[in-house]
Amino acid sequence: MSINELFDLSGRVALVTGGNGGLGLAMALGLARAGANIAIAARNTNKTKSALSEIRAEGVKAEGIQVDVTQESEIEQMVTQTVNALGRVDILINNAGITMRKEPQDLSADEWDQVLDVNLRAAFLASRAVYSHMKSQGGGKIISIGSMYSIFGGGGSGAPYSSSKGGVVQLSKSLAVAWAKDNIQCNAILPGWFMTDLTAAVPANQPDRYDLICRRIPTGRWGEPEELQGTTVFLSSRASDYVTGAVITVDGGYSVM
C-alpha cells in the first residue's frame, strides 16, 4: 500500500459533533480534503448550513444534523441519520464542548452537570451509539477532543471544564482497551492555543495574557485551525491502525515547557 493510500479516506464517512465552526469545522474540512464524506452534528442550523457549503466545495457529500448532545435519544438519532444519509459511519470526532467561567464555590450542581454532560457524557454516548455500526463494518476510528486542561488544572474558573477534559482522556483509553478486539481505534487529541472566532479578540483585548501564553509556546505563536488537520486525518486513516489509546498534543510545544 502506498503512502497516499494509507491516508486516503475516500468512501469513508466521518461524523463530527460541534463541526460547524472553529476547530470542529477545520477538522471536518481536513477529512473532506482526504476524501471522506461528512456529517456535521450541531445546534446552530445557520452555521451548519454555511459549514456544509464549505465542505461540499471539496467535492464530497455532506449532511447537517441538528442535535442537542445532552439528550441521549438525540445522539442515537444523530448516528441513525448519518447512516441513513451517507450509508455508514467510519469515523467519529467527539468535538462538541462548552465551558463555565465561575469559581468552583460559585458553581451550582446543574452548572457542573451541564459542562460534564456536553464535554464527557456526550462523548461516551456518541461512542456507544456508533459502536455497533463500526463493529459490523469491521472497524472504525473514534477521536475525542480534549484540551491542555486535560493535563493542567483549569484554575479558579475552569474546574468543570478541566475535569471533563481529563475524563475525555481516560474515556479514550478505556474504550481503546475495550474495543481493540473489534478493530476500533480510540484516541484523543489535545489542542493547545488556536486562533478561532472565539479567541481572535484575545491579542487586542487581553494583550498581557496573550503575550504570556506566547512566551510559553516554543514556536512563539498560536496555532491556526488548519494545523489540526494532519493529526485528525492520520488518526482517521489506515495509517494509524496500530495506534489506539494514544493522547496527542497539538500545541506548538506548550505542554512540554
Side-chain angles (χ1 to χ4, degrees), residues 15-28 40-45 47-48 65-79 92-130 142-175 186-202 205-206 209 213 225 228 247-251 254-255:
L15 169 58
V16 185
T17 68
N20 61 2
L23 298 183
L25 177 55
M27 289 186 285
I40 293 295
R43 289 182 299 177
N44 188 315
T45 55
K47 284 182 65 178
T48 297
I65 300 168
Q66 188 171 17
V67 64
D68 178 351
V69 296
T70 67
Q71 302 301 310
E72 182 177 0
S73 61
E74 292 194 28
I75 286 181
E76 292 171 352
Q77 183 61 29
M78 169 188 79
V79 175
L92 170 66
I93 310 292
N94 286 313
N95 172 70
I98 61 170
T99 190
M100 185 73 66
R101 298 191 180 282
K102 285 189 175 182
E103 295 294 316
Q105 67 272 17
D106 298 326
L107 282 166
S108 69
D110 285 344
E111 288 169 333
W112 173 274
D113 289 345
Q114 183 181 358
V115 177
L116 271 290
D117 283 353
V118 173
N119 295 1
L120 181 56
R121 181 174 178 268
F124 162 69
L125 292 175
S127 299
R128 189 186 67 179
V130 300
I142 297 175
I143 303 168
S144 296
I145 306 304
S147 164
M148 287 295 92
Y149 293 118
S150 298
I151 302 172
F152 306 118
S157 63
Y161 183 80
S162 56
S163 298
S164 67
K165 291 302 186 179
V168 163
V169 167
Q170 293 306 108
L171 173 65
S172 297
K173 292 179 179 180
S174 298
L175 296 182
C186 305
N187 297 290
I189 296 175
L190 311 188
W193 298 96
F194 279 81
M195 276 299 172
T196 67
D197 290 342
L198 294 176
T199 61
V202 172
N205 295 343
Q206 303 178 58
R209 178 178 179 232
I213 293 168
L228 203 56
V247 181
I248 301 179
T249 56
V250 184
D251 65 354
Y254 180 90
S255 60

Exercise: identify the closest heavy-atom pair between [X] and [Y]:
X	Y	answer
A41	L15	CB-CD1, 4.0 Å
V115	S164	CG1-OG, 4.1 Å
A28	V16	CB-CG2, 4.2 Å
S150	G146	OG-CA, 3.7 Å
M148	D251	SD-OD2, 3.5 Å
G97	N119	CA-OD1, 3.0 Å

[X] [atom1] to [Y] [atom2] distance, which is reported to the nearest 0.5 Å:
X	Y	atom1	atom2	result
D117	Q71	CG	CD	9.0 Å
T17	I75	OG1	CD1	8.0 Å
Q114	T99	CD	OG1	10.5 Å
I145	I189	CD1	CD1	4.5 Å
I151	S162	CD1	OG	12.0 Å
L120	Q170	CG	CD	10.5 Å

| request: Run the numbers on V168 and L190 for side chain to side chain contact (heavy atoms under 4.5 Å, CB included), then give the verdict. | output: CA-CA 10 Å; V168 163; L190 311 188; over 6 Å; no
Going by side chain to side chain contact (heavy atoms under 4.5 Å, CB included), name the residues that satisfy it together with [X], two or more places apart in sequence or in a different chain.
X	value
A42	N20, T48
T196	L23, F194, L198, T199, P225
T45	Q66

Do [X] and [Y] come close enough that some side-chain heavy atom pair is under 4.5 Å?
X	Y	answer
V247	K173	yes
W112	P104	no
M27	I143	no
Y254	I213	yes

| request: Please step through salt bridge (Lys or Arg N to Asp or Glu O under 4.0 Å) for the pair E74 and R43, ending with a clear verdict. | output: CA-CA 11 Å; E74 292 194 28; R43 289 182 299 177; over 6 Å; no
| said: So, applying side-chain contact (heavy atoms from CB on, under 4.5 Å) with M78, which one of D68, L125, V130, V67 is it? | reply: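 When side-chain contact (heavy atoms from CB on, under 4.5 Å) is applied between M78 and each of D68, L125, V130, V67, only V67 qualifies.
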| query | C186 and side-chain contact (heavy atoms from CB on, under 4.5 Å): which partner among L171, N94, L92, I142? | reply | I142
| said: Does D197, at its CG atom, have more than 12 non-hydrogen atoms belonging to other residues, nucleotides or ligands within less than 6.0 Å? | reply: no
